[in-house]
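Order of the sequence lines fixes the chain letters, A, B, ..., with proteins taken first and strands second; residue numbering starts at 1 for each chain. Values reported hereafter were calculated over all heavy atoms of this structure, with side chains retained and with hydrogens, waters and symmetry mates removed.
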Protein chains: 2
Amino acid sequence: MASGQGSAEGMPPVARALDAAEARCLRAGAQLTELRRQVLALVLESEQPLGAYALLDKLKAKRPGAAPPTVYRALDFLLEQGLIHKVERLNAFIGCVEVGHAHGHDHHHAHPHQFLICRECGMTLELSDHAVAHALEEAVARAGFRMSRATVEVEGLCAACAGGAS
Amino acid sequence: MASGQGSAEGMPPVARALDAAEARCLRAGAQLTELRRQVLALVLESEQPLGAYALLDKLKAKRPGAAPPTVYRALDFLLEQGLIHKVERLNAFIGCVEVGHAHGHDHHHAHPHQFLICRECGMTLELSDHAVAHALEEAVARAGFRMSRATVEVEGLCAACAGGAS
DNA sequence: GTGCTACCGTTATATAGTAACGGACTGCCC
DNA sequence: GGGCAGTCCGTTACTATATAACGGTAGCAC
Ligand SMILES: [Zn+2]
Ligand SMILES: [Zn+2]
Ligand SMILES: [Zn+2]
Ligand SMILES: [Zn+2]
């Protein structure tokens, strides 16, 4: 398999996600090249969403010649494959939590999702709340719109930060 | 009154909105200065959301020395007062439709709202859908978050553009 | 007067994102 | 084999978006 191990047991989560991503790309007929894999790994290794230029700095360690187009092209690919999402409020990118969930549903891109962003610690949580998605679909339809993609991002305090400060 | 007319009857909508904005600022103890009023007028006059630099170009007609901080400072003020919103997906600004609705509720900033953006014609519609806001509050609370502000933006096709192309 | 605040002009800089060209490689057709 | 198209990526230059920092002015309190 992709990272040389036959099973997901005992693998670090990033490696498991990379394998899942590779499998998804295979099924989609897309090429997860070395560069794209490196960028994806950097996104996944980060606890918090990373901006394109932060990503670029990290990438330069392995790829000294990297420039903005290097990372933006990789990000575009990863977005198209649904392997990462963009957090619009932060101009930053984060791995999709659903990749590798084995949920079967092969949304090759853009499943409905919502982000919760802690303004204190920066932690960003991805939800896939059906009630929110449904309410939004209804409201959009009532307005006569046809929805193609939705951005739902909440800024606030996570449980830990709210507990400490109140 | 602000624009020299005693009543809202027969006034063009932008002038009426400017008067409502002035009244809101008075109540809030904030100063709607000439610069801020000019920027607000430019935002309100536009059919579509305007970027900061588009706004700057227009502003230069009346204020030749205007520079980026000129317009960004005015925009920050208008955002704080809830007179305009930022459309994150477009990095653009649009007037709040609720200003001057005489709804009484004096949300001096950040009422729950959603944007519907037509990718064809650029038309952007502001909703204030309660069901969406409520579903989002519930989901956020279930995740242990405390929400302060939410960005909800839908990209799609408006009725007119969807009807033509299907 | 002094000190303080809010507002704004001005210059420079930081951050985010794209356009455009060209080289390397691959697969395919003839 | 040669030619040709497609994909990927290195590279340069550039556009777009946003902010930092300093200084001046006007109003007001004391
Ligand atoms: Zn996701
Ligand atoms: Zn937190
Ligand atoms: Zn509004
Ligand atoms: Zn339209």
Side-chain angles (χ1 to χ4, degrees), chain A residues 21-22 25-26 28-43 46 48-81 83-94 122 151 153, chain B residues 21-22 25-26 28-43 46 48-81 83-94 122 151 153:
Chain A
E22 188 120 28
C25 288
L26 259 179
Q31 309 181 47
L32 187 61
T33 64
E34 180 61 16
L35 170 63
R36 290 162 176 174
R37 193 184 174 85
Q38 285 173 348
V39 172
L40 178 56
L42 289 173
V43 172
S46 168
Q48 302 185 0
L50 277 183
Y53 282 73
L55 225 32
L56 176 56
D57 282 344
K58 289 176 185 284
L59 184 63
K60 279 180 179 165
K62 298 206 159 194
R63 217 169 255 260
T70 313
V71 61
Y72 277 105
R73 284 194 285 234
L75 289 171
D76 285 346
F77 172 86
L78 298 170
L79 285 169
E80 268 169 28
Q81 300 304 316
L83 300 172
I84 64 174
H85 298 297
K86 177 170 185 183
V87 185
E88 298 284 345
R89 291 183 69 89
L90 305 178
N91 294 321
F93 303 86
I94 190 171
T151 299
E153 300 176 1
Chain B
E22 188 120 25
C25 288
L26 259 178
Q31 309 181 47
L32 187 62
T33 63
E34 181 59 18
L35 170 63
R36 290 161 177 174
R37 194 184 173 84
Q38 284 173 348
V39 172
L40 178 56
L42 290 173
V43 172
S46 168
Q48 301 187 359
L50 277 183
Y53 281 73
L55 226 31
L56 175 56
D57 281 345
K58 289 176 186 284
L59 184 62
K60 279 179 178 164
K62 297 207 160 194
R63 216 169 257 259
T70 313
V71 60
Y72 277 106
R73 284 195 286 233
L75 289 171
D76 285 345
F77 172 86
L78 298 171
L79 286 168
E80 268 168 29
Q81 300 304 316
L83 299 172
I84 64 173
H85 298 297
K86 178 170 185 183
V87 185
E88 298 284 344
R89 291 183 69 90
L90 305 177
N91 294 320
F93 303 85
I94 190 171
T151 299
E153 299 177 0

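- Proximity of residues 55-62 of chain B to DNA chain D (heavy atom under 4.0 angstrom from any strand atom) is not detected for any residue.
- Atom NZ of K86(B) and atom P of dA16(D) are 16 Å apart (whole Å).
- Put simply, Y72(B) has no side-chain N or O that comes within less than 4.0 Å of OP1 or OP2 on dT19(D).
- Rounded to whole angstrom, the span from the CG atom of L75(A) across to the P atom of dC9(D) amounts to 12 Å.
- One can place CG of D76(A) at 12 Å from P of dC9(D), the figure rounded to the nearest angstrom.
- One distance of note links CD1 of I84(A) with CZ of F93(A); it measures 6.0 Å at 0.5 Å rounding.
- The side chain to side chain contact (heavy atoms under 4.5 Å, CB included) check on K58(B) picks up L42(B), L50(B), with sequence neighbours excluded.
- In this structure, the side chain to side chain contact (heavy atoms under 4.5 Å, CB included) partners of Q48(B), at least two apart in sequence or on a different chain, are S46(B).
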Could you run through nucleotides 5-14 of chain C and give me one letter per nucleotide, 5' to 3': B if any protein heavy atom sits under 4.0 Å from the base, S if only the sugar-phosphate is that close, - if neither? -SSBBBB---
Would you check, one step at a time, whether the test side chain to side chain contact (heavy atoms under 4.5 Å, CB included) holds for N91(A) with K86(A)? CA-CA 7 Å; N91(A) 294 321; K86(A) 177 170 185 183; 4.2 Å; yes
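- Contact annotation: N91(A) side-chain N/O to dG17(C) OP1/OP2 distance is under 4.0 Å.
- Atoms CG (L90(B)) and P (dA18(D)) sit 11 Å apart, rounded to a whole Å.
- Annotation: the span from L40(B) atom CG to L35(B) atom CG amounts to 11.0 Å, rounded to 0.5 Å.
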For residues 59-74 of chain B, run the donor-acceptor check on the side chains, cut-off 3.5 Å, and write out each pair with its distance to 0.1 Å, sequence neighbours left out.
unit_1, atom_1, unit_2, atom_2, d
R63(B), NE, Q38(B), OE1, 2.9
R63(B), NH2, Q38(B), OE1, 3.4
T70(B), OG1, A67(B), N, 3.0
T70(B), OG1, A67(B), O, 3.1

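- In this structure, CZ of R89(B) is placed 17 Å from C1' of dT17(D), rounded to the nearest angstrom.
- Atoms CD and CD, on Q31(A) and Q81(A) in that order, are 10.5 Å from each other to the nearest 0.5 Å.
- Every residue meeting the salt bridge (charged side-chain N to carboxylate O under 4.0 Å, His left out) condition with R89(B), not counting sequence neighbours, appears here in chain and number order: E155(B).
- Aromatic stacking is marked for Y53(B) over dT17(D), as both cut-offs hold: 5.5 Å for the centres and 30° for the planes.
- A donor-acceptor contact shorter than 3.5 Å is absent between the side chain of E153(B) and the backbone of V87(B).
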